[in-house]
Amino acid sequence: MHTIGLTPFDWLIIVSYFGFVIGIGIYLRSFTRSHEDFFLAGRKNSSWVAGLAFLSANLGALELLGMAGNTFKYGMFVAHFYWIGAVPAMLFLGIYMMPFYYSSKIKSVPGYLKLRFDEKTRVLNGIAFAFMTLLVSGINLYAMALVLHTFIGWNWDLSMWVSAGTVAVYVTLSGLLSAIFTEIIQFFLIWFGLFLVAIFGMIELGGIDQIFHRVNELYTSVSYTTLWSSSGDATRNGMMVTWSGIVLGLGFVLSFGYWTTDFLVVQRAFSAKDLRSARMTPILASFFKMAIPFIVILTGLIAIVLAHDPKSGFTLLNDGGQINYDSTLPLLIVRYYPAGLVGLGITALLAGFMAGQAGNVSAFNTVWTYDIYQSVINRNASGKHLLWMGRVATIAGILISVGTAYWAKSFPSIMDYMQAIFSWVNAPLFATMLLGMFVWWITPNGAFWGLVAGMCSSFFLYLAVKFDWFAQSLITMSSVQSDMAANFWRAWWAWLICVLVTVGVSLLTKRRPKEELVGLVKGLTPEASDRDVPLVRRPAFYAVISLAVFLLLNIIFW
Amino acid sequence: MSDPRMKTIWFFVGLMLLLMGALTFLAGIYQIFVPPATHTILAESHPNVWWGGLMMAFGAIMYLVDRKQTP
């Protein structure tokens with residue numbers, strides 16, 4: 001394909017972004033004096049700042065490109081990732097889990113496992129999380145270089161080193177604070193840089209109704225424009241999954257596993273200035289999360305219509321006979337954006353990639369420093385030493401990410417393992433956290449062996465299907481299925497195995513006394529009542545509004 | 001972010017949108033006088049002009065939010 005031509009205006013926009021984020025890192029350096037400032041942004045953020053950062057940490061460019069492409073492939077069912085696959089879990093985190101996380105003054109999610117269970121469970125999760133974040137960070141970097149090389153013709157090595165170097169500078173200087181600042185800037189850039197694609201698509205095709213009508217004309221036996229009405233039969237929807245797979249796999253295990261236990265996002269809530277702000281963080285983020293489909297789902301549906309209209313001249317890239325679904329969004333940018341806007345669109349994608357890497361690295365340096373280095377290697381480290389170690393871990397993390405990116409380049413199928421890695425770490429961890437927070441008699445040994453069994457089973461199920469040890473239908477319990485359906489069901493089984501092993505071992509091993517678990521387990525912890533707080537100041541009030549919007553969206557697009 | 005000497009995030013968001021909006025706007029004005037060789041869909045509506053203007057207006061609002069929050 002022809003690469004996107006850039007005018008001097010576009011270049012100025014891209015270069016100014018790089019200068020801007022480095023400038024922010026330098027500016028915030030003088031406000032980063034202690035390890036708490038570096039790792040937790042001083043616990044001073046408002047719920048708006050923490051909430052936007054909470055959402056943006058998840059809103060990487062890889063996700064935007066991937067989900068727009070997935071909509072082209074699977075249809076509107078992809079919106080489940082933004083609605084049932086996010087909102088209930090975010091509200092549950094804000095209402096039920098955050099009081100335990102925030103009030104125990106932990107610095108990381110593995111830190112909670114140490115307080116609730118023991119050191120070995122904390123270290124196991126810390127190592128798994130550190131490994132996952134660096135792998136994801138490197139694969140993000142690889143994907144970024146690939147996109148820039150394919151669409152703009154930039155040099156692969158140069159674009160990767162420049163963006164990794166920029167992230168290294170600002171995160172090393174001011175830690176989580178600069179990561180949060182750049183994530184919020186990224187949030188606005190994504191809306192201003194990419195929403196116009198959806199607006200132009202609607203103008204060109206005559207509005208949302210016309211887009212839906214034309215997609216329905218193209219697919220008569222399979223629904224690409226509904227959320228639930230075609231979920232009773234896997235053969236009737238583009239994702240080839242039933243409602244039970246969506247609800248149990250995505251809506252329950254994968255969603256709750258990610259949004260309530262993944263330290264990458266939860267760390268942003270820990271940076272809030274007080275408990276109310278921490279609880280409001282995921283609740284506020286849920287409103288913005290529900291709006292993202294108006295960029296990604298709409299662009300995916302617009303691309304379906306254009307690609308099936310020979311007069312439009314629009315086709316997705318074809319890599320050796322395989323359709324490149326991820327090319328959906330960049331090709332629409334080429335179609336609609338003139339000079340200036342092209343630079344803005346590319347900057348939005350760049351910002352997404354870089355903020356995603358900064359998020360992963362800032363989560364990694366915290367878990368490495370507190371949950372591995374201080375916990376296992378140097379128990380008596382001073383605060384000043386921990387701050388120094390955080391900066392060293394940042395640089396080391398970036399270098400390992402770059403190494404992972406080169407590895408991914410020479411071994412592209414590593415991309416296939418991404419989903420396996422997520423369900424390997426997050427799905428069983430959610431079972432451990434849920435049991436740990438709500439069932440007092442779960443024992444340290446039960447949690448540890450449950451986590452080991454859940455992680456191993458998830459990975460085994462992935463390998464078993466990959467290498468045909470047994471049929472995928474055994475996992476999905478359906479004669480038809482897609483890779484996405486298999487992901488949902490694998491997460492569910494890993495979660496269930498973790499629950500069963502945790503409960504079984506807990507029944508046979510020594511429990512911790514109840515008095516040691518005060519503040520960590522529901523039922524043993526006095527709950528602060530907000531009865532005297534005005535209704536409009538209560539997190540639950542906003543959670544109910546969010547839930548109502550969520551239900552309304554599901555009904556409208558049923 | 002309770003350090004009174006620190007600029008709020010809204011200042012940086014405002015500055016970024018003002019800068020990028022201005023560059024997008026200028027690119028649009030330039031293309032009115034020097035039409036580009038390649039034509040994009042709906043280019044006749046000059047989206048870089050009005051979208052750049054919108055970004056500048058939003059950036060200015062963010063700047064005002066910062067002024068209001070800064071003691």
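Chain letters run A, B, ... following the sequence lines, proteins first and then strands; every chain starts at 1. These values consider heavy atoms only, across backbone and side chains, with no hydrogens, waters or symmetry-generated copies.
With a 4.5 angstrom heavy-atom cutoff, B/P36 does not touch chain A via any of its atoms. For chain B, the nearby part of A/L344 is the side chain; its heavy atoms alone come within less than 4.5 Å. Neither the backbone nor the side chain of A/S271 comes within contact range of chain B; no heavy atom of the residue lies under 4.5 Å from a heavy atom of that chain. With a threshold of 4.5 angstrom between heavy atoms, B/F25 does not approach chain A through any atom at all.
Between A/Y27 and B/K7, the shortest heavy-atom distance links the atoms OH-N, 2.8 Å. Between A/V334 and B/T40, the shortest heavy-atom distance links the atoms O-CG2, 3.8 Å.
Enclosure of atom CZ in A/F18 by more than 12 non-hydrogen atoms of other residues, nucleotides or ligands within 6.0 angstrom is indicated. Remark: B/Y30 OH is loosely packed, at most 12 non-hydrogen atoms of other residues, nucleotides or ligands lying under 6.0 Å away. Remark: A/W191 CH2 is packed, more than 12 non-hydrogen atoms of other residues, nucleotides or ligands lying under 6.0 Å away.
In this structure the side chain of A/F192 never reaches within 4.5 angstrom of the side chain of B/M20, judged on heavy atoms. Using a 4.5 Å cut-off on side-chain heavy atoms (C-beta onward), A/I184 and B/W10 make contact. When side chains are defined from C-beta on, A/F9 does not count as touching B/N48, because their heavy atoms never get closer than 4.5 Å. The shortest distance between side-chain heavy atoms of A/I24 and B/M16 does not fall below 4.5 Å.
A distance-only check finds no donor-acceptor pair linking the side chain of B/W51 to the backbone of A/G193 [under 3.5 Å].
Taking A/Y337, A/Y336, A/F20, A/F200 one by one and counting their heavy-atom pairs under 4.5 Å with chain B, the maximum is reached by A/F20. Interface remark: of the candidates B/L15, B/T24, B/L17, B/I41, B/I41 forms the most heavy-atom pairs closer than 4.5 Å to chain A. Considering only heavy-atom pairs separated by less than 4.5 Å from chain B, the leading option among A/S16, A/G343, A/P338, A/G340 is A/P338.
With rounding to the nearest 0.5 Å, the separation of OG1 in B/T8 from CG in A/N45 is 11.5 Å. To the nearest 0.5 angstrom, A/T7 atom OG1 is 10.0 Å from B/L23 atom CG. Taking OG1 from A/T182 and CD1 from B/I9, the interatomic distance works out to 8.0 Å, rounded to the nearest 0.5 Å.
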